[in-house]
Each structure stands twice: as C-alpha cells, then as structure tokens.
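Have a look at the structure below before the remarks.
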There are 4 protein chains.
Amino acid sequence: MASMRAVVKRVAAASPDDVSGVEALFDAGLDLASVVAVLGKTEGNGCVNDFTRGFATRCFEDLFARRGAGDVAIVMSGGTEGALSPHWTVFAREASDEEPTRALAVGIARTADLAPEDLGRRGQVEMVAEGVAKAMADAGVETADDVHFVQVKCPLLTAARVEEASRRGVTTATGDTLKSMGLSRGASALGVAVALGEVAADEIGDADVCRNYGLFSGRASASAGVELGGHEIVVLGMGEGWSGPLAIDHAVMGDAIDVASVREARERMGEGILVAALAKAEADPTGRMRGRRHVMLDDSDISSTRHARAFVGGALAGYFGETEIYVSGGAEHQGPPGGGPVAIILDRSQP
Amino acid sequence: MASMRAVVKRVAAASPDDVSGVEALFDAGLDLASVVAVLGKTEGNGCVNDFTRGFATRCFEDLFARRGAGDVAIVMSGGTEGALSPHWTVFAREASDEEPTRALAVGIARTADLAPEDLGRRGQVEMVAEGVAKAMADAGVETADDVHFVQVKCPLLTAARVEEASRRGVTTATGDTLKSMGLSRGASALGVAVALGEVAADEIGDADVCRNYGLFSGRASASAGVELGGHEIVVLGMGEGWSGPLAIDHAVMGDAIDVASVREARERMGEGILVAALAKAEADPTGRMRGRRHVMLDDSDISSTRHARAFVGGALAGYFGETEIYVSGGAEHQGPPGGGPVAIILDRSQP
Amino acid sequence: MASMRAVVKRVAAASPDDVSGVEALFDAGLDLASVVAVLGKTEGNGCVNDFTRGFATRCFEDLFARRGAGDVAIVMSGGTEGALSPHWTVFAREASDEEPTRALAVGIARTADLAPEDLGRRGQVEMVAEGVAKAMADAGVETADDVHFVQVKCPLLTAARVEEASRRGVTTATGDTLKSMGLSRGASALGVAVALGEVAADEIGDADVCRNYGLFSGRASASAGVELGGHEIVVLGMGEGWSGPLAIDHAVMGDAIDVASVREARERMGEGILVAALAKAEADPTGRMRGRRHVMLDDSDISSTRHARAFVGGALAGYFGETEIYVSGGAEHQGPPGGGPVAIILDRSQP
Amino acid sequence: MASMRAVVKRVAAASPDDVSGVEALFDAGLDLASVVAVLGKTEGNGCVNDFTRGFATRCFEDLFARRGAGDVAIVMSGGTEGALSPHWTVFAREASDEEPTRALAVGIARTADLAPEDLGRRGQVEMVAEGVAKAMADAGVETADDVHFVQVKCPLLTAARVEEASRRGVTTATGDTLKSMGLSRGASALGVAVALGEVAADEIGDADVCRNYGLFSGRASASAGVELGGHEIVVLGMGEGWSGPLAIDHAVMGDAIDVASVREARERMGEGILVAALAKAEADPTGRMRGRRHVMLDDSDISSTRHARAFVGGALAGYFGETEIYVSGGAEHQGPPGGGPVAIILDRSQP
C-alpha cells in the first residue's frame, strides 16, 4: 500500500532577494511540482513598512514562474531580531511506494474571496473553519488532535474594498486598513480554533474578535496580505496515510518564558533532529509577566512585536540550540495573551 | 569566631526614578551603613542618549543623602529589552556572630584618578589590576578562582581631559569621547583578566585594547561614566570568612545561545533559589553565530546592543524562569567575542 | 501710570538636567519671584518612554526649591529632532515704572481638580475655557484677538483615577491611560477654542473630542502630565497695561510646509529680533500633504511625531534662521489637521 | 541648426516597487531610447539594511528589460523622512530641430572597473575626475562653471575584492565593507571637485579622503552600490548646444538652515516652475550649528542621516512649497561639513 511523504527543507537566505538556496534544491532534484508552500523569515521590521516581505515574495514568484512550478503558498513573515537568522522553509509532498507509517502530513486549501463586510467577523471565522476542514481532508488528517500547526494567509481591507461594501449599503468592521490586518488575523485564528474544536462556534460573536482574548487557538498562525481576496491555508499534522522520517507536535507557551511547555512537547516526541520550529510571539498585553513589569508596550522607539520576537526568539534558540526559527509576531487569538503556539518538526531518522 | 555576611536584595523599579522599593528596605531594617553598591537595570536604550541612567543615579544620590548613607557605588546599566524587567540590586555586608561557613563575599576598592593618557592603554590595565587585588583583599577572597564577578565603573575622556593632556604634551588613545568609553571598558576588563590570572600582564600591549579580543576575562563587567576620574570596583566571590545562605558561581557563555554553560554552572551550585543573575551580552562581531547569519550589526534602526540584550535576555530568562536579570551590553574583552560572563547568586537556604 | 513688563529668556540646555543657565539668570539679577513659567524642549523621543521630561522637571523643582522661587508652571516637551536645539524658555513678569505701551502680556491660572469622568469630555472643555478666561484676566488681556498663545498643562487618567470613578458608579471616556493623554490635550485645546471664540461652546459634544478635527484652536498648545489633577494655564498676548520691548503675534500653519503663513505673521510684526517661536506639529492624518503621499504614519521605526517635529522644525528653522524653537508634537485640535499654531515673540528694541 | 533637448519627469511612487508612473510615461510617448538615468527617493531608512533601494532597482530593471530600454543609470537613495514624498525623477535627452538656446544639458559616462586598492584613494579621485570630464564632453558642456550637479554611482569593497587585492600583495584602504562605502563616496566627490576645478589635484593625498573635509565639491552627489565595479556618472549643466525650457543652477548650503543661499540661487534663475531639486544633507559633524548644540550624532534610536534628511527636507520643502525633493544623506566631501549642494531645475516656459 502506497503512501504520501512530506518533505521539509530549511534554507539560509543571504538577503531578502536571495532565493538561490531554494533554486539549488530544485537543481539537486527536489520536484518542483511537489512544492506546496514556502514560509520565510525576512530581515525587515515585520511591521507596516516592511518591504522585505514583498521583495522576497516577488523573487519567489519570479523563480517559480521561471522554473514552471505550480501554485505555491508564499508566506513571508518579517523580523529576525536578536540572533534569529533569515531563512526559508520549503514544504513539499510526494507520492511514495513505502507503507504508510504515520508521519508528518501537509494539506492545503483555498477559500473563495471574503466579502469585505465579513472580515473580522463571524463570517470570516466560519469561512476559515470550513477551509481548515478542507485542508485537513486534503492532508488526510482526520482528527483535530492530529493537527499541530495551521498557517492562514488572510486578506485585509483596502480603501477600495471598504468603498465597494459601502456602495452596497453594508458596513465593514473597520475603515482603518491597518486595523483590518489584526482583525483578519484574529478572525482567522478563531476559525482555526473552531475547526479544531478549541472554541465552540456559537461562543464567538462579532464583538469577540480582537477583544475577548480568552478565546484562542493553540495551533493557529495567521498573517494578512494585500495580494489575496480569500484565504490560503496550510495544515501540518500527523497523518495515518503518510510515511517518511518527519514528525510534528506542538506546545502552547503560556507566556514569553514558558520554555517548560516547549521542552515537554519536545521530549514527548522522542529522538530526532530539529527540522523546523514555528512559533508566534507577542508582548503580554497587561504590561506584566509573572508579576514583573515589562516595557515592551511603552517603548516608542522599538515596536513591541520586535521586542517580543527577539526575546522569545532568544528563549527558543537557547532551548533548541538553533537560530533558524520561524518566530512570527502579531498573535491575536493565536495562543493565550502573552503566549503563543510552537510547532516542532523532527527528522526521526537522525539521532 | 565571627564572620561577615553579605546581603543581596533585588527590588522592582516602576520607573527610572522609583527608588521607593530601596527606601522600603531601609524602613524594614536594612542598615544604611551596610550598603556598598547598587546595580540597576533601567529602561533606556543603554546607548549614548540614555538619560535613564543619570536620572536613576540622581534619585539614588538624593535618597542616600537624605537618609545619610555612606559611600555607595552606583552602577546603572540601561536597556531592559524584551520582557526583561527594570530593577535594582542592592549589595550590603554586615558583621555576624555566626561561624564562617564560606559564602558570598563582597569587596570594594577605589583607585586614584586615571591620567587621561593612560586610558585605554596598559596604564589603565595595571591600575585596574591593582584595584581588583585590593577589592579581593577587602572581600577576604584570597584565590582568583574564588572570584566570580567583578564590576568596574571606569572613567571616560572628555574634551577637557584630552585638552589637559595635550597641554602637557602627551597624547591620548583617542580624541573621540564615545570611543573612549569602549576603550576604558576594554582596558578595565583586561585589568580584571590580569588580576584573576586569565591573561598574563606582559601579553597585553596598548594595541591589544579593543582589538585583540582573544584576550578577555570570563568574570569582568565594566561600564564607563563621566562622573568619576578613577575606578570603582566591586568584587563578588566566595569567601572563607563569610557566612549566610548566599553563594555565587559563574559561567562563560561561548555565544548568545550557550545556555548549556549556564545550566552546568547552575547545576554545580546545588539547591537554592535565584537571588541575582548578572550577565554581559553582545552581537557576535563576525556577523555569524554557529554558522548562521545574524543581522544585528546591519540593522540601522535598532542598535546591536539592544538586539543582543533582548535575545540573550530571552535565552537566560527562558532558562531561569525569571526576568529580573542584569543583562548589560558593550562587552569588550568581557567574555569571548559574541559571548559573555554570567554570574549566578543563589540563596541556599531556600529550596 | 505704572505698567507690567514681561521678561522672556531663552537658555541653552547641555543635557536634560542642565539648569545651570537658568540659575545663572538668577545670579545675574532675574528676580526669582517674577518667574511664572518655564517651557522646555528636551532631547528625549517625546513619546511614552521619554524620561528626559521628568528628569528636567525634577531638576527645575530642585532648583526652585533651593533658591526659594514661588509657584512656577513647568512644561516640558520632549523631542529636538533634526538640528533643533534643546533649551529652556523662562517667562517672568515684573512691575515697571514705565508708561504702559501695549506689549507682551503673560497671565496664568490654575483650575480645580478635574473629575475623572469629565476628562476628554465637555466638562473639561468648559473648565479649561473658564481657566483661560481667568488667565486672560490675570494678564489684563481683554479681547480674544489679543491672545496669541495658550499653553495648557492638563491631567491624565491613571488606573487609580479610573477606578475611583468606577466606584462612584460613573464611567470615564477611556480606560486606557495613554489614550487619556490625547483626549485631555484635545479637550483642553477645545476649551481654549471656546474661550477665544474660535468654536462655539454648544458646537462641541463629548463625541467631538479627538474625532471631529474640523474644530480647533489656532492658538492652543496642550500637554498632559501625570503630576497634576487640574490645569495650569499660561496665556500670552498683547496687553494694553504692559510695557517693554516684547511683542507677540501668531500664525496658523495650514500644513507642514505652510511657511507663507508664518512669514506673513512675522512681517506684520515689523522690526525686531526673535526671542521665541512656539509651534505645534503633526503628520497630516490623511497620509497626504498637498496631494503628495508622506510615509510618517506608516513608519514603524520612527514615530510620526518625531518625523513631524524634525520636518516642521526644519521648515521653521530654515525660515527664522534659528534652531532654538519650541516645536511640540501631538496636536489634537491644536491647529487644523496636519497644520498647527506658531507663536512669535520679538524684541522690538533690537533691529 | 539642430540641438539636443533634455527631458526631466518627476513621478510619484506609491511604494518601492511602483514603477507604474514611469511606465505610463512610456505609454504616453516618452521615447524609451532617450532615457539615460532614473534617480529615486525610496522610503527605506537609507542606511545599511535599506532593501527598498534594491527592490526599486529590481523593478526598474525588469521594466526596462520588458520594454526594451537601453542602458539606464539607476540611482536609488533611501529615506523620505518627514513629509518628503517618495518619487522617481527620469532624465532623458533627445535630438531636436530647434535652434540651440542654452538649456539643461545631460551627459553620462562610465569608467573602467576600479582596482580595489585604489578605492578611497587618489587613484579613485583621478579616475572619477577623468570620468566627469568625459561626461561633460558627452553633455557638450565645456566650462566647469556650467556644471551644476554631478551624480556618481561608485563601487564598494566586498570581502572578495579585499581578498583578491590581498592575493596580489596590495592593501586596500579599509577591510571594512561599510566604511568602504563612505570612502568611495568621498573619493568620488573629490574626483568631481578636481574635474570642476574646486580643488587642485595635487592638494589631495590618500590621507585626505574622509578626513580633511575642508576639501569638497559644491556640486557632487555620490552613492555607493555593490552591483558595479566602476563608476556611473551623470553630469547636469547648462549647455550651449541644447534647447528647450529647462534650466539648472545650484546653491551650496553652508549649514542645515542656509535657505538664504538656496533663495539666492533660485532668484538668480528668474521665472519658471520647479521641476526638480536635488540636495545632499548631513548632521554638522561638530555637534553644533550656528553655535547651538544639536543631538543628531548622539541619538542612538535614529540615525543622524535620517534626522538630517528630515530637517533639511523641511527647510527646503518649506522654501520650495514642494515635498518631492531628492534629499540624500551621507555627504562626505559633498558640500562643506554640515552643509551640502542643492541643484535646482526649472521649467522656464511656465510661470
């Protein structure tokens, strides 16, 4: 009985436009058609005026067009503070003759375009929840417990989209395009939470999005981009029909120094070497952590998202002994307030 | 047979001018006359235009003057990036009736004023080495191996000092006052290295200061201040004539994620709770760490010292489960390039 | 017939704690009792974590206490971007034997403490309007047209004040202390507008504060401080009962490069040398200026207030040929959106 | 008798990759083959990690390749602080049937590759001086007095280039690639100064580059780029053989607020509307300007180059009433210390 096999390759980036390492993978035999997603950490500020994401995206689009790849989800997250190292992580999947042995599974889905008036509201939550279910089906992962990371790339409101809604006589959740990014990430994360049974769908009202942070997913990672109207969803989990050496599990950090939860997840996984670690980080919104004051939210020189990535990056890199970690900021409903999900992918064939 | 007993108190700071927690220690019975040093982490940028250090220093000077304290070394280090928490650490020592049991020892020394032409050169190295020897004697610590942390507050060059030297027909190591801070820290650290036998005195020439980073101390922490002409030196070590529950040891981090060395030192110390952790951090000057590129030295928006404190702060806080850690930047000759010393003070009477 | 005479002295600051220049004024004969206000530009970031304001305030309080001055309004504004130069401007007034000749008049007033539930609402607008009327009376300035600058130092909400209101069963305009600063500045500016007849009192509802920026004063400058519960108000205008060489007028910049309005006001004043220029600056909230895009609101590395002070500071310094200009950010209802008031004080006795 | 005619078009950029406005010029009839240079102001930090320059360059290269343009000099300068507006300025030249009437002339030249050991030394000064002479000849501008702006794009040292020199047994001026950018700009500016007779060639020794700032050109603007080995030189001046409505002149600002010099140059030019203003700006290296302290060099949160662009940008925009101004930082030997050249291009056919 045949199986599917996931391939995950981590490649250093010498600059935001350095896609040479990924091209080298193709030259070395990685099947272009097998690639489904690229997650990148680029060295911009990860905030509004971070053009390293767009620069990298353009370079990957050019590469994929030049080499004739199919439809690849490209997710760029800015910010490699501290000693975090800019890199790309390529996710691929291919058919295998091996017996299925339960291994890392990768599934993808795309939703229809989101109506502007649904962004940041229940409509988006429901649409993403359905999309996650589809991506789980695509991955052949049947139970929510087997899902360990869901990356959602979601749309945002532009002036044009707000206006179009207005012409139809409906209102949008916000008229502020920057705020719409947070709302879209938040509603997407809640959609993941619903799909994975972490939050009941009827618990969530429009007013909960980006307000009631007691509701969250411990496995969602969302980023908003202007270039799409719907959602691109990548599900990573353990699949029965999959083979190969890769495995995934996850932890939910309760706060920025909750390395204990990460250690527990890592030790649960047994032997193997780290292939990828994917995390979300944010400053505790209360301004305190374990009773101690932090100044991240009061620092008008450095965005709190940069502080949080640097610090949580240090905590994770100190634990894993590795600085090519995907630490992403802006964690609305992605893990508990001040904490965040951490997915760990291991190669069990190596000690 | 009587002994000396060290007291170390860590107090939260609500702002750079919040010395209320230290005043409360006095109200609660801490003997003013016993206080020998205050080390503070304030929330400024830790760079040139960080006025939180001066603000805090002025508030402590006012407090000590108002309460009638003696001569206290006040060392302020700016920068509590990430979730590091602003705080003061008060070091005191008092006579005790208890038998000596080998415990944390605190010694202090002050040197004469440094001639401007000696700053950043062998003359300063030698002066600091002598000062450290005096502070060791003051602490009753006889062997260098028992010293685990040496804080040196050192002078810098001002335009007036450079000019005064020039009138005498001698040249200074630099005419740039900012550079003189690094040179002074570097020569001070080398002075510590000489005193502790980590580097032989005759290995060091004028040209090695802030150039030959293969020479370093694994136990030095230096900061430069405009307000003094000589050096204030605080030695922390294990003393035979001391009693009480406190103990100290240290690690030398080989790089920014070398938590393994810290764990080894901590486990060597046995049971106890963390009273203080004192560390130096810096961006690896090669631009790489364990083979991976980092961007700290190329980021024109955030100083590399802030990146390094945030990241190493995260690594240490993730390990210790504590964010009131003294992580100081600017680590010339203080630990190996890209790494730094970490001193750990425990209270062995608590589990 | 005797008169009052205003004295305005501008003094360089070598650092936020350098009050030596002001002390030198006292030593040179300036009567301590005559001093009513100090406006300072300090070199911090002018945002949340700018401790240079508090540091300077403390140093002035110490100086005034040591020298026995009376009750002086101390207003510190952070941010000397570009080539703007940190400095203090001292306002004093003294009785004179000269005939009144219409000249710069200085009046002050203090209001009672503001109820927390009135902050950022009509209650504050009315309280400030009454205070401005009192300060005008104190200055002997009878018509609103003779008022050219009103500096208001206003309170903010703290957690304790919000809670106190809550215990009384009333709600505050916001629970966010940072937002309360903007609301307090905005309501204060509207209070000035009402007092000066720029906006009719009944035009302003609670909901207009920090929302309806079509309502504004062309002569208000407000800053919020945690240390007071009421308002300190300084009115500068032309008074019939005053003598001496000083005169004041003002312009309202329509946008960040509206130097034409400033030139018009300056030329209207005739001969004299510049004693002080006091201005507010902000990024145009539309993201455009005269049809051109600006990036101040999208720059996550530098606060828009810093951009605006640097740029408007350059425009004004380029016009006046002087860099000791008081350019303050955060201009809610202080001038039109994207523009701001500029007061000009001349010494007419000098060419 | 026929003539040449210069065309200068200024186009807004909605983002670093928005070249649509330039493409629209082609669609509207601008001859692709006539384009010789594009100067861009992008919205990055203008410092080391400013990827907006590379992103814009790539987008222009793609556009020119797609449309089949010839060899165009692409010069990107990062940093649109304050209300400066991101934009492109396109320089073209075409044959005309009109009589020559003395008008704006555009000339270009490229030098051979620079030997690494010549960078930042007399060898580079001489090579650039020869290149400027060639570009002047290309422009048909015979006397140095008719040259008003020289843009030089110059190479920098990479690790590979330093090593290659080392293998040949020669040393480079520096081993630090960042420093090599300043040295290359400085030597290029001195090359312009020699070509224009502002400094005698034999006055300049290797040691003067980036040290003796008394030597400078009042018309040079240099930027270093990793992508070229030689120099691209664009000369703008007044040419006898040229026709059309455009004219150019220049001022040398003596300091950051020397608007008087700019006004003098502008008024000398007579009627016309502003087509482009091209300026260099820097913080006065003494830390003072007209006797007043500035803090640009002490601000560890914002690079002094960003401060200077914002402030000088404000001064120039306040004077010109226009925010699409090319203000570039890093002005080694480009204008006097703390000041800089400003070129003004007018369309004399419009009032």
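Values in this document were obtained by computation on a predicted structure and should not be read as measured data. All values below come from the heavy atoms of this structure, side chains included, with hydrogens, waters and symmetry mates left out. Quick note on labels: first sequence line is chain A, next is B, and so on, each numbered from 1.
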Please identify, among D/Arg288, D/Glu324, D/Met289, the residue contributing the most non-hydrogen atom pairs under 4.5 Å to chain C. D/Glu324
Of all of D/Ala310, D/Gly338, D/Ala281, D/Ala283, which one pairs up most often with chain C through heavy atoms under 4.5 Å apart? D/Ala310
Between C/Pro86, C/Ala14, C/Gly82, which shows the greatest number of heavy-atom pairs under 4.5 Å with chain D? C/Gly82
Answer whether the closest heavy-atom distance between the side chains of D/Glu81 and C/Glu81 falls below 4.5 Å. no
Does D/Glu264 have more than 12 heavy atoms from other residues, nucleotides or ligands lying within 6.0 Å of its CD? no
Side chain proximity check, D/Glu322 to C/Arg290, heavy atoms < 4.5 angstrom: no
Please look at C/Ile302 and chain D and tell me whether the side chain, the backbone, both or neither of the residue comes under 4.5 angstrom of a heavy atom of that chain. side chain
Which bit of C/Ala308 is near chain D, if near means a heavy-atom gap under 4.5 Å: side chain, backbone, both or neither? neither
Do C/Asp299 and D/Arg306 have side-chain heavy atoms sitting under 4.5 Å apart? yes
Pick from D/Asp301, D/Val312, D/Leu84: which one has the most heavy-atom pairs with chain C under 4.5 Å? D/Leu84
Pair D/Arg293, C/Asp18 - check salt bridge (Lys or Arg N to Asp or Glu O under 4.0 Å), show working. CA-CA 13 Å; D/Arg293 183 171 72 102; C/Asp18 174 27; over 6 Å; no
Flag the pair C/Glu43 / D/His294 as yes when at least one side-chain heavy-atom distance between them is below 4.5 Å, and no otherwise. no
Go through D/Thr323 and C/Phe311 one step at a time and tell me if the side chain to side chain contact (heavy atoms under 4.5 Å, CB included) criterion holds. CA-CA 11 Å; D/Thr323 56; C/Phe311 189 80; 4.2 Å; yes
Under 4.5 Å heavy-atom distance to chain D, tell me which part of C/Ser15 shows up: side chain, backbone, both or neither. backbone
Under a 3.5 Å distance rule, please check whether D/Ser85 uses its side chain to pair with a backbone N or O of C/Arg292 as donor and acceptor. no
Name the member of D/Ala256, D/Gly321, D/Ala12 that forms the most heavy-atom pairs with chain C at distances under 4.5 Å. D/Gly321
